[in-house]
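Input: a single structure, listed below in structure tokens.
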Amino acid sequence: MFDIEKLRQGTETDIQIAHYISNNEESVAFMRVRELAEETHVSPATIVRFTQKMGYESFPELRLAIKQNLEKRHIMINQNANEFYLENTHFPIDFKENIDFLVEKLNEVDVIHCLGTGSSSS
């Protein structure tokens, strides 16, 4: 959605706004500048400057890009829903026992740390 190089040059506030937008695309796609400003605790002018820093002419152009991104994702999900990923997958004989063991171990711990890179790091 946003150019990582532009975000690296952005302020902490820019990163906060980008993070909010990325985590709330469905609602941001229909928000006004003022509504997004309230949600991110910044001024509407800050949202407009952020929009321009990210390479969009205006906030409505950013919203359009978000809507198009959501539509592409929706189409991809629907296309993949008809494919059977596990159809040709052969699991080891003890696969269920290994999963049960893993679930048992995870239930025993107090804290689980999840790490990721790229889009999964969010």
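In this structure a side-chain-to-backbone donor-acceptor pair under 3.5 Å is present from Asp14 to Thr11. Using a distance-only test at 3.5 Å, with no hydrogens or angles considered, a donor-acceptor pair links the side chain of Asn107 to the main chain of Val103.
Around CD of Glu97, the count of heavy atoms belonging to other residues, nucleotides or ligands within 6.0 Å exceeds 12.
Contact of the Phe2 side chain with the Ser22 side chain is registered, since non-hydrogen atoms from C-beta on lie closer than 4.5 Å.
Alongside Val111, the hydrophobic cluster contains no other residue (criterion: ILVMFWY side chains under 4.5 Å). When hydrophobic residues (I, L, V, M, F, W, Y) are linked wherever their side-chain heavy atoms come within less than 4.5 Å, the members clustered with Val109 are Leu102, Leu106, Ile112.
Clustering ILVMFWY residues whenever any of their side-chain heavy atoms sit less than 4.5 angstrom apart, transitively, puts Val48 in a cluster other than the one holding Ile15. The hydrophobic cluster containing Met54 does not contain Leu64, counting ILVMFWY residues as joined when their side-chain heavy atoms lie under 4.5 angstrom apart, directly or transitively.
Every residue two or more places apart in sequence or in another chain was checked for a side chain to side chain donor-acceptor pair (under 3.5 Å) with Asp3, and none qualifies. With sequence neighbours left out, Tyr20 forms a side chain to side chain donor-acceptor pair (under 3.5 Å) with Glu39.
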Going by atom type alone, with no hydrogens or angles, which donor-acceptor pairs under 3.5 Å involve a side-chain atom of residues 27-36 and a protein atom two or more places apart or on another chain?
residue : atom : partner : partner atom : Å
Ser27   : OG   : Asn24   : O            : 3.1
Glu35   : OE1  : Arg32   : N            : 2.7

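Atom CD of residue Gln9 and atom NZ of residue Lys53 lie 10.0 Å apart, to the nearest 0.5 angstrom.
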Thr46 and Thr40: CA distance, side-chain angles, deciding distance, side-chain contact (heavy atoms from CB on, under 4.5 Å) verdict: CA-CA 10 Å; Thr46 301; Thr40 55; over 6 Å; no
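Identified under the side chain to side chain donor-acceptor pair (under 3.5 Å) test for residues 54-68, with sequence neighbours left out: none.
Considering every non-hydrogen atom in both Pro44 and Ala37, the closest pair reads N-CB, 3.6 Å.
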